[in-house]
Amino acid sequence: MNQISDHEVALIGSDPDLLEVFYRQHVDAVKSFFARRVDDPHKVADLTADTFLAAMRAAPSFRPEKGRPGAWLTGIARNTLADAGRRQARRLRAESRIQGRRLLDEDATARIEDRIAAERYTRKLYAALDELSARDRALMELVAVDGIPVAEAAEQLGMKPGTARVRLHRSRARLQQHIDPTHTINAEVAAAAILPLEA
């Protein structure tokens, strides 16, 4: 058995054979999803495992009529990554309270200042992304970062492809204006400047 049917996905939590086939069918896509967002291979492996564990628990609630298994699994992966981010933020806050503040020597301070200056554009981009709604940001990441076609990204986010294209177009224009509000350029140029357009 190389693939399982959409209706069998609901059984992966209770049938080890179906789980193995489902895992082999989707593991590369899930690993790629995390590898585009995380630069630590061990963390990618952990997040991938956590995603499949969460999928096993959520499997009985899967409904084929609401979307494809890949889209459902990507949603679980996105939630897994968000949960991991929240856990890491809590851990870092706790560590900073315990360790207190370390003093930097002049060389370290200069290196940090250089890095901050070099990352100015990236910070502007992330600040602009933060101004988008959670749904529009997720759409932008799926299309621009993951290279997923607009129609598939729309399915994953539960919206119509036409709606997704309009939202993506508006989001690109907003990003460009936020990054460089002095430029008065049309929306198509803004879209092309910030991220490649999807056909």
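You'll find the side chain of Lys43 reaches within 4.5 Å of the side chain of Gln88, heavy atoms only. In this structure, the side chains of Arg165 and Pro161 come closer than 4.5 Å at one or more pairs of heavy atoms. At least one side-chain heavy atom of Ile4 sits under 4.5 Å from a side-chain heavy atom of Ile12.
Side chain of Thr163 to backbone of Met159: no donor-acceptor contact under 3.5 angstrom is found. Under the 3.5 Å distance criterion, the side-chain polar atoms of Gln3 are left unmatched by any main-chain donor or acceptor of Val21. With hydrogens and angles ignored, the 3.5 Å screen pairs no side-chain donor or acceptor of Glu152 with any backbone N or O of Pro149.
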Check step by step if side-chain contact (heavy atoms from CB on, under 4.5 Å) holds for Glu155 and Val150. CA-CA 9 Å; Glu155 180 185 352; Val150 174; over 6 Å; no
Evaluate side-chain contact (heavy atoms from CB on, under 4.5 Å) for Ser171 paired with Arg137, printing each intermediate quantity in order. CA-CA 8 Å; Ser171 295; Arg137 180 173 179 150; over 6 Å; no
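The two residues Pro69 and Phe22 come nearest to each other via the heavy atoms CB-CE1, 4.1 Å. Taking every heavy atom of both residues into account, Ala164 and Leu139 meet most closely at O-CD2, 3.4 Å. Across all non-hydrogen atoms, the minimal contact from Gln156 to Ala71 is CG-CB, 3.4 Å.
Applying the ring-ring contact (aromatic ring centres under 6.0 Å, His included) test to Phe34 and every residue at least two apart in sequence or in another chain returns nothing.
From Arg24, atom CZ reaches atom CG of Leu19 across 10.5 Å, with rounding to the nearest 0.5 Å. The distance from the CD atom of Glu141 to the CD1 atom of Ile148 is 10.5 Å, given to the nearest 0.5 Å. With rounding to the nearest 0.5 Å, the separation of OG in Ser14 from CE in Met56 is 9.0 Å. Note: Arg170 CZ to Leu168 CG = 11.5 Å, rounded to the nearest 0.5 Å. Put simply, CZ on Arg172 and CE on Met140 are 6.0 Å apart, with the number rounded to the nearest 0.5 Å. For the atom pair CZ (Phe62) and NE2 (His7), the distance works out to 8.5 Å, reported to the nearest 0.5 Å.
Under a 4.0 Å N-O distance rule, the pair Arg174/Asp136 does not qualify as a salt bridge. In summary, Arg86 and Asp83 engage in a salt bridge, as defined by a charged side-chain N under 4.0 Å from a carboxylate O.
Figure legend: Arg36 and Phe33 shown without cation-pi pairing, the cationic atom not lying both under 6.0 angstrom from the six-membered ring centre and within 45 degrees of its axis.
No more than 12 heavy-atom neighbours from other residues, nucleotides or ligands sit within 6.0 angstrom of NZ on Lys31. Other residues, nucleotides and ligands place no more than 12 heavy atoms under 6.0 Å from the CG atom of Asp39.
Cluster membership for Val166 and Leu175, using ILVMFWY side-chain heavy atoms within less than 4.5 angstrom, is not shared.
When each of Ile76, Thr80, Thr74 is tested with Arg78 by the rule side chain to side chain contact (heavy atoms under 4.5 Å, CB included), just one qualifies, namely Thr74.
Judged as a salt bridge (Lys or Arg N to Asp or Glu O under 4.0 Å), the pairs with a partner in residues 54-74 (not counting sequence neighbours) are, in order, Asp6-Arg68.
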